[in-house]
Student: 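This is the structure I have questions about; it appears just below.
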Amino acid sequence: MEDYQENLVNEEQPASVAEETEQEVAEVVETQTDEPEAAEAETAEVAKEETKSVRNTKRNVVNNFSVPIDQFNWDTLDNEDLYGGNKVEIEEQYNQTLSKVAENEIVEGTVVSVTKREVIVNIGYKSEGVIGITEFRYNPELKVGDKVEVYVETAEDKRGQLILSHKQARALRSWDRVNEALEKDEIIKGYIKCRTKGGMIVDVFGIEAFLPGSQIDVKPIRDYDMFVDKTMEFKVVKINQEFRNVVVSHKALIEAEIEAQKKEIISHLEKGQVLEGTVKNITSYGVFIDLGGVDGLIHITDLSWGRVTHPEEIVTLDQKINVVILDFDNDKKRIALGIKQLTPHPWDSLDANLKVGDKVKGKVVVMADYGAFVEISPGVEGLIHVSEMSWSQHLRSAQDFMKVGDEVEAVILTIDRDERKMSLGIKQLKADPWINIEEKYAVGSKHIARVRNFTNFGIFVEIEEGVDGLIHISDLSWTKKIKHPAEFTQIGSTIDVQVLEIDKENRRLSLGHKQLEENPWDVFETLFTVDSVHEGTITEVSDKGAIVSMPYGVEGFAPARGLKKEDGTTAKADEKLLFKVIEFSKTGKKITVSHTRTFEDEQKEIEAKEKAATETSTKDAIKKVQSAIEKTTLGDVEALAALKEEMESQSE
């Protein structure tokens with residue numbers, strides 16, 4: 001009690017307490033006056049009873065505090081009835097005037113005030129809630145009296161303040177609302193927060209939904225930033241329940257109207273009709289034109305009679321142009337348009353005096369492997385085939401002669417005004433080298449040629465552009481046997497040649513290289529006579545025999561049987577031995593040699609000489625016998641028998 005007395009002493013004066021009590025009553029009455037008119041009568045009655053009770057309380061409090069502190073009866077304070085015996089009843093009556101509010105629930109409230117920073121909402125509780133204005137940025141048209149849903153976070157904080165959240169209430173309700181909007185095809189409002197890759201992020205009921213760039217408007221959007229911080233109407237077009245993703249569209253709201261406009265416009269279209277349109281979009285393959293609610297396409301080939309690399313060369317975005325309707329499809333709502341058809345075809349105004357053989361100038365506009373297209377005037381092109389670029393018959397690409405953008409002069413080879421086709425040539429600007437080929441490259445004349453290509457049977461060379469010739473592999477060397485031309489020369493190098501034959505009809509020359517030198521086989525015929533022996537080196541060995549390098553750079557062939565040496569072994573490559581010529585062919589340019597014959601023939605000569613000597617001695621002995629017979633006697637018979645035995649023993 002003493003502590004209580006000390007605290008009471010520190011309280012304000014009684015008059016101050018009375019004033020606070022009156023203010024509390026006034027607040028209660030004021031709060032009740034803010035309730036709807038439907039409860040106005042009941043509120044007034046309750047307020048009267050409450051006011052009466054409060055006044056009694058006030059009198060008691062005033063009476064108690066009007067006594068000096070030192071005379072106050074502290075013992076009777078707790079027993080004193082401040083509410084006239086109706087405290088419980090008064091509390092119940094007061095509580096009935098207030099709404100029952102539970103925390104963590106969503107309730108509906110009324111906006112009673114809107115400022116630049118806050119929105120004050122009355123939910124029928126003893127105090128009002130204050131919510132930041134940022135939670136209502138999706139609804140810039142919010143005003144006093146609007147009904148809004150709020151989430152009760154705390155009924156009364158430490159300061160006695162009611163804590164509400166509109167954002168959290170929207171989040172809890174949003175998923176159901178979004179699904180309902182999709183099912184019922186409702187139009188909803190959303191706040192565009194920012195742009196993202198491919199579109200925009202939209203706040204819908206507190207959920208971040210995706211607005212694709214193609215769904216913002218029926219027209220292509222070039223500046224997405226202009227829509228940021230704007231509130232627009234949308235339709236929910238897709239929901240991913242698993243990932244809780246929402247896709248919205250503003251374009252869907254106006255598509256129905258656009259479709260109706262399309263049908264109306266297409267119903268009045270006719271082929272050949274000329275309309276004014278606006279360039280809506282430019283692509284690499286054409287231009288989309290807005291005809292006032294319906295789009296048409298001008299293909300890149302219908303922009304100009306001439307070659308167009310990209311449509312931007314002809315038109316620009318938002319440009320107003322006249323177009324002609326080429327075709328349209330009612331079902332697919334497709335319209336084909338053209339610009340070049342508004343002007344006459346350039347072939348119709350082509351010079352009537354232009355004829356085959358005339359020279360023209362133009363610009364290369366397209367290159368291909370088979371030729372080049374040259375524009376001699378806008379919309380009039382001619383083809384220079386690769387075969388008409390050079391008199392040479394070698395297969396080459398057109399890019400070797402010219403490139404796009406080159407200014408060239410050509411001769412008209414053919415012209416077809418009905419088909420609107422023209423063929424040109426540039427090699428005709430030079431004289432055909434085969435016209436006087438017999439004079440310039442007579443048989444027997446010597447020239448320098450460039451090696452163009454190899455084959456197994458020879459070398460193709462070019463003496464000048466358009467003049468080609470063939471050197472047969474047999475005409476490369478008098479002495480060496482060449483298996484492939486690559487052993488003799490290489491592509492791109494030069495080689496001296498002599499004209500052997502001219503084939504003007506097929507535009508080919510027969511050439512030779514060895515003919516530049518005298519035929520050494522005339523001399524070889526006297527040097528490499530049959531049975532003559534020469535020193536040679538084996539350069540190559542095969543199953544059939546070996547190639548032998550002989551003096552003076554000539555090669556001979558040694559059969560396998562001619563490679564056997566005197567000791568019984570077989571000669572090998574790189575061995576230097578003596579070889580005997582066993583055959584010589586001037587026409588076939590062939591020398592056949594043998595090492596084996598060198599010692600075999602020598603042995604045969606020795607044997608022949610010995611045989612000849614034996615035959616001579618035998619003849620002499622026979623002569624002696626014959627002469628002795630003429631003088632024979634009986635006594636000489638034994639001598640003759642002895643002589644016979646002696647001769648037989650010698651022959652053995």
Student: Rounded to the nearest 0.5 Å, how far does CD1 of I376 lie from CD1 of I412?
Tutor: 6.0 Å
Student: Under 3.5 Å, is there a donor-acceptor pair linking the side chains of S390 and E465?
Tutor: yes
Student: Under a 3.5 Å distance rule, please check whether H513 uses its side chain to pair with a backbone N or O of I471 as donor and acceptor.
Tutor: no
Student: Less than 4.0 Å between a side-chain N and a carboxylate O, is that true for D327 and K271?
Tutor: yes
Student: Under a 4.0 Å threshold between the charged nitrogen and the carboxylate oxygen, would E462 count as salt-bridged to R452?
Tutor: yes
Student: Between the main-chain N or O of G562 and the side-chain N or O of T596, is there a donor-acceptor pair closer than 3.5 Å?
Tutor: yes
Student: Evaluate the side-chain proximity of I463 to L511: yes if any heavy-atom separation is below 4.5 Å, no if none is.
Tutor: yes
Student: So does R195 pair up with D223, basic N to acidic O under 4.0 Å?
Tutor: no
Student: For the side chain of R450 and the backbone of G492, is there at least one donor-acceptor N/O pair under 3.5 Å apart?
Tutor: yes
Student: Has the side chain of D416 got a donor or acceptor atom that lies under 3.5 Å from a matching backbone atom of D418?
Tutor: yes
Student: Going by distance alone, is a donor N or O of one side chain under 3.5 Å from an acceptor N or O of the other, for T414 and S423?
Tutor: yes
Student: Assess whether side chain to side chain contact (heavy atoms under 4.5 Å, CB included) is satisfied between I335 and L269, documenting all intermediate values.
Tutor: CA-CA 9 Å; I335 304 174; L269 293 181; 3.4 Å; yes
Student: Rounded to the nearest 0.5 Å, how far does CG of L470 lie from CD1 of I459?
Tutor: 9.0 Å
Student: Between W347 (side chain) and R417 (backbone), is there a donor-acceptor pair under 3.5 Å?
Tutor: no
Student: Measure from the side-chain N and O atoms of S542 to the backbone N and O of G545, and report whether any donor-acceptor pair falls under 3.5 Å.
Tutor: yes
Student: Mind listing the closest non-hydrogen atom pair of I300 and S284 along with its distance?
Tutor: CD1-O, 3.7 Å
Student: Does any part of the side chain of L317, heavy atoms only, come nearer than 4.5 Å to the side chain of I282, both counted from C-beta?
Tutor: yes
Student: Using a 6.0 Å cut-off, check whether atom CD1 of I448 has over 12 heavy atoms from anything other than its own residue.
Tutor: no
Student: For the atom pair CG (L326) and CG (L337), what is the distance rounded to the nearest 0.5 Å?
Tutor: 6.5 Å
Student: Could you go step by step and tell me if M422 and L350 meet the side chain to side chain contact (heavy atoms under 4.5 Å, CB included) rule?
Tutor: CA-CA 12 Å; M422 183 187 302; L350 188 65; 4.3 Å; yes
Student: Give a yes or no on whether a salt bridge exists between E464 and K430, defined as a side-chain N under 4.0 angstrom from a carboxylate O.
Tutor: no
Student: Do the side chains of K565 and E575 get close enough for a salt bridge, i.e. N-O under 4.0 angstrom?
Tutor: yes
Student: I would like to know whether V411 and V360 meet side chain to side chain contact (heavy atoms under 4.5 Å, CB included); could you show each step before the answer?
Tutor: CA-CA 6 Å; V411 176; V360 293; over 6 Å; no
Student: I need the minimum non-hydrogen distance between P433 and V467, along with the two atoms involved.
Tutor: CB-CG2, 3.7 Å
Student: Using a 4.5 Å cut-off on heavy atoms from C-beta on, say whether the side chain of M550 contacts that of T537.
Tutor: no
Student: If you measure from OG1 on T569 to NZ on K564, what distance do you get to the nearest 0.5 Å?
Tutor: 9.5 Å
Student: For V404 and V365: C-alpha separation, side-chain torsions, deciding distance, then whether side chain to side chain contact (heavy atoms under 4.5 Å, CB included) applies.
Tutor: CA-CA 5 Å; V404 174; V365 291; 5.8 Å; no
Student: If every non-hydrogen atom of I321 is compared with every non-hydrogen atom of V279, which pair is closest and at what distance?
Tutor: CD1-CG2, 4.2 Å
Student: Inspect the surroundings of CD in E270 and state if more than 12 heavy atoms from other residues, nucleotides or ligands are less than 6.0 Å away.
Tutor: no
Student: For residues F488 and I495, determine if any side-chain heavy atom of one lies less than 4.5 Å from a side-chain heavy atom of the other.
Tutor: yes
Student: Between I289 and I298, is any pair of side-chain heavy atoms under 4.5 Å apart?
Tutor: yes
Student: Is K363 atom NZ crowded by more than 12 heavy atoms from other residues, nucleotides or ligands, each under 6.0 Å away?
Tutor: no
Student: Kindly indicate whether the side chain of V380, heavy atoms from C-beta on, has any atom under 4.5 Å from the side chain of E375.
Tutor: no
Student: Does a donor on one side chain sit under 3.5 Å from an acceptor on the other, for K320 and T278?
Tutor: yes
Student: Are any side-chain N or O atoms of K483 and backbone N or O atoms of N456, one a donor and one an acceptor, separated by less than 3.5 Å?
Tutor: no
Student: Mind checking the CD-OG spacing from E535 to S549? Nearest 0.5 Å is all I need.
Tutor: 10.5 Å
Student: How far apart are the closest heavy atoms of W391 and Q428, and which atoms are they?
Tutor: CZ2-CA, 4.4 Å
Student: With distance as the sole test, does K340 use its side chain to make a donor-acceptor pair with the main-chain N or O of T301 at under 3.5 Å?
Tutor: yes
Student: Any ion pair linking K504 and E438 (charged N to carboxylate O, less than 4.0 Å)?
Tutor: yes
Student: Does the side chain of R420 reach to within under 4.5 Å of the side chain of H345, using non-hydrogen atoms?
Tutor: yes
Student: Does E242 offer a backbone N or O that forms a donor-acceptor pair with the side chain of N240 under 3.5 Å?
Tutor: yes
Student: Would you say D543 has more than 12 foreign heavy atoms packed within less than 6.0 Å of its CG?
Tutor: no
Student: Could you pull out the closest heavy-atom pair between A571 and L577, with the gap in Å?
Tutor: CB-CD1, 3.6 Å
Student: Could you report the tightest heavy-atom contact between A398 and V386, atom names first, then the distance?
Tutor: N-CG2, 3.9 Å
Student: Is E381 salt-bridged to K421, cutoff N-O under 4.0 Å?
Tutor: no
Student: Does the structure place the NZ or CZ of R307 under 6.0 Å from the centre of the six-membered ring of F373, at an angle of no more than 45° from the ring's axis?
Tutor: yes
Student: Please step through salt bridge (Lys or Arg N to Asp or Glu O under 4.0 Å) for the pair D295 and K280, ending with a clear verdict.
Tutor: CA-CA 8 Å; D295 294 342; K280 181 179 180 181; 2.4 Å; yes
Student: Evaluate the side-chain proximity of H310 to Y285: yes if any heavy-atom separation is below 4.5 Å, no if none is.
Tutor: no
Student: Without swapping roles, check the side chain of H595 against the backbone of L563 for a donor-acceptor pair under 3.5 Å.
Tutor: no
Student: For the atom pair OG1 (T343) and CH2 (W305), what is the distance rounded to the nearest 0.5 Å?
Tutor: 6.5 Å
